[in-house]
There are 2 protein chains.
Amino acid sequence: MNINSTLKFILNLAKAQTIINRRFDAKLSSYGLGFNDFVILYHLSLAPHQKLRRIDLAEKLGLTASGITRMLAPMEKIGLVSRESNERDARVSYAVLAPGGKRLLEESIKTAEHAAADTFPELKTKKIKKLSELLNEIGGLL
Amino acid sequence: MNINSTLKFILNLAKAQTIINRRFDAKLSSYGLGFNDFVILYHLSLAPHQKLRRIDLAEKLGLTASGITRMLAPMEKIGLVSRESNERDARVSYAVLAPGGKRLLEESIKTAEHAAADTFPELKTKKIKKLSELLNEIGGLL
DNA sequence: GTAAAATACTTGAGTTGTCAAGTATTTTAC
DNA sequence: GTAAAATACTTGACAACTCAAGTATTTTAC
């Protein structure tokens, strides 16, 4: 019952990611954030006017539009993000980084970086580039 | 609001894995399997006597023991795995690959391999090795 | 040999997503 | 300019986990 090495690799990837996710969730829980909450705040902070369409947010995280709707609802309720409409296209609803979200991102970012460093202690810049390229083969597709 | 490259890499990894998981779930759903169901069957098929303690299964997938309990329950109900106790240690309950599970694994394995090949079309053995080493930095920890 | 610690597993309650379907709006193509 | 297709988003129903706490058993250490 053998499988080829690409599939084996994907099994390893899945395992690693499961552990990483749980670890980051645990570390960030002191801020009341999940890993993906953090990632949403991060992408919003980089975006022009610190806002993104829900669908672009979905693309950046690899989630579905539905998932983004679910995630943003409680974040909006506690003032991390707010909602803004687009004058030219009534279908669109932006997620905007709210002051509370910006503050929380600033507070939590060091924690996230430490968690990353703990996870990959000796990850060098060169290696990262190569790996990221590889991951783009998937990330870029969808 | 910049972050270091290790954290950025982890964000890419998370995105890729989210997409991979959804894709595999979709492909395997024609067999009534989720991605992790498939992985459980696969690990059981490789194990001595095709059985594993729940906790070892948890370790192999990167899940918690609780998660394994939840996953195995429906799989047991439909005859993919069965339960076996350990005579020497009454705490232990093995998950055993049942005939139905073995058959389903054999049927689905090509689908999973194709999904893997589609995801990383030109993944060479060398690259895999490097990336897998890196992933062991986490996978090995827990 | 017994108390304390560790291990294996399960369960209740909650979270974080998924998919399929539906609504509203915009774009395309003729 | 209008019908059909595409796009953006939301919702109901559900799946696949998590953590914290609990039970049962085994191991450790004195």
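Keep in mind that what you see is a predicted model, and the values were worked out from it rather than measured. Below, read A as the first sequence line, B as the second, and so on, with proteins coming before strands; counting in each chain starts at 1.
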message: Using the side-chain heavy atoms of Thr69(B), tell me which of these nucleotides is nearest: dT10(C), dC9(D), dG17(C).
response: dT10(C)
query: Do the charged groups of Glu113(B) and Lys110(B) touch, with an N to O distance under 4.0 Å?
result: yes
query: Dot-bracket for DNA chain C, 5' to 3', counting Watson-Crick or G-U wobble pairs under 3.5 Å, with [ ] for crossing pairs and | for inter-strand pairs?
result: ||||||||||||||||||||||||||||||
- request: Check every strand shown and say whether Asn36(B) touches a base, only sugar-phosphate, or nothing at a heavy-atom separation below 4.0 Å.
  value: sugar-phosphate
- request: Starting from P on dT16(C), measure out to CG on Asp37(A) and report it in whole angstrom.
  value: 6 Å
task: Select one nucleotide: of dC19(D), dA8(D), dC9(C), the one nearest the side-chain heavy atoms of Thr64(B).
output: dC19(D)
message: Any residue in residues 88-96 of chain A with a heavy atom nearer than 4.0 angstrom to DNA chain C? Just list them by number, or reply none.
response: Arg88(A), Asp89(A), Ala90(A), Arg91(A)
message: Measure CD1/Ile40(B) against C1'/dC17(D) and give the value in whole Å, please.
response: 12 Å
- request: Tell me which of Gly34(B) and Ala26(A) sits closer to the 5' end of DNA chain D, going by the nucleotide each one is nearest to.
  value: Gly34(B)
- line: In short, Arg88(B) meets Asn86(B) closest at the heavy-atom pair N-OD1, 2.7 Å
- request: Flag yes if Tyr94(A) and Leu41(A) sit in one hydrophobic cluster, no otherwise; membership is Ile, Leu, Val, Met, Phe, Trp, Tyr, and two members link when side-chain heavy atoms are under 4.5 Å apart.
  value: no
query: Of the non-hydrogen atoms in Arg54(B) and Ala95(B), which two are nearest, and what is the gap between them?
result: NH1-N, 3.7 Å
5'-most by nearest nucleotide on DNA chain D - Thr18(A) or Gly67(A): Gly67(A)
query: Between Ser82(B) (side chain) and Gly79(B) (backbone), is there a donor-acceptor pair under 3.5 Å?
result: no
query: Can you tell me if NZ on Lys102(A) sees more than 12 non-hydrogen neighbours from other groups inside 6.0 Å?
result: no
message: Please report the distance, rounded to the nearest Å, between CZ in Phe24(A) and C1' in dT18(D).
response: 17 Å
query: Would you find a donor on one side and an acceptor on the other, under 3.5 Å apart, between the side chain of Asp25(A) and the backbone of Phe35(A)?
result: yes
statement: By nearest-nucleotide position on DNA chain C, the 5'-leaning member of Asp25(A) and Asp25(B) is Asp25(A)
message: OP1 or OP2 of dT18(C) versus the side-chain N and O atoms of Arg22(B): is any pair under 4.0 Å?
response: yes
message: I need the CG-P distance between Asn21(B) and dC19(C), as an integer number of Å.
response: 11 Å
message: Before we go on, tell me: are the rings of Phe9(B) and Phe120(A) under 6.0 Å apart, centre to centre?
response: yes
query: How close or far is atom C1' of dC17(D) from atom CD1 of Ile20(A), stated in whole angstroms?
result: 17 Å
statement: The nucleotide from dC19(D), dG17(C), dC9(C) with an atom nearest the side chain of Met71(A) is dG17(C)
query: Would you call Val39(B) and Lys15(A) a side-chain contact if the rule is heavy atoms closer than 4.5 Å?
result: no
task: Quick one: closest heavy-atom pair of Leu33(A) and Ser108(A), and the distance?
output: CD1-OG, 3.8 Å
- prompt: With sugar-phosphate meaning primed atoms plus P, OP1 and OP2, does Leu63(A) contact a base, only sugar-phosphate, or nothing at under 4.0 Å between heavy atoms?
  reply: sugar-phosphate
field: Ile19(A) CD1 to dT18(D) C1', straight-line distance once rounded to whole Å
entry: 15 Å
- request: Check Leu105(A), Thr111(A), Asp37(A) against Tyr31(A) for a side-chain contact (heavy atoms from CB on, under 4.5 Å) and give me the one that passes.
  value: Thr111(A)
Candidate nucleotides dT10(C), dC9(D), dC19(D), ranked by approach to the side chain of Ser66(B) - the nearest: dC19(D)
- prompt: Less than 4.5 Å apart, any side-chain heavy atom of Thr18(A) and any of Leu61(B)?
  reply: no
task: Would you mind telling me which of dC9(C), dC17(D), dC9(D) lies closest to the side-chain atoms of Arg54(B)?
output: dC9(C)
Positions of residues 77-86 of chain B (non-hydrogen atom under 4.0 Å from DNA chain C), listed by number: Arg83(B)
query: Does the side chain of Leu11(B) come within less than 4.5 Å of Ile3(B)'s, by heavy atoms?
result: yes
Between P of dT18(D) and CG of Leu33(A), the distance in whole Å: 20 Å
message: Between P on dT25(D) and CD on Glu87(B), what's the gap in Å once rounded to a whole number?
response: 16 Å
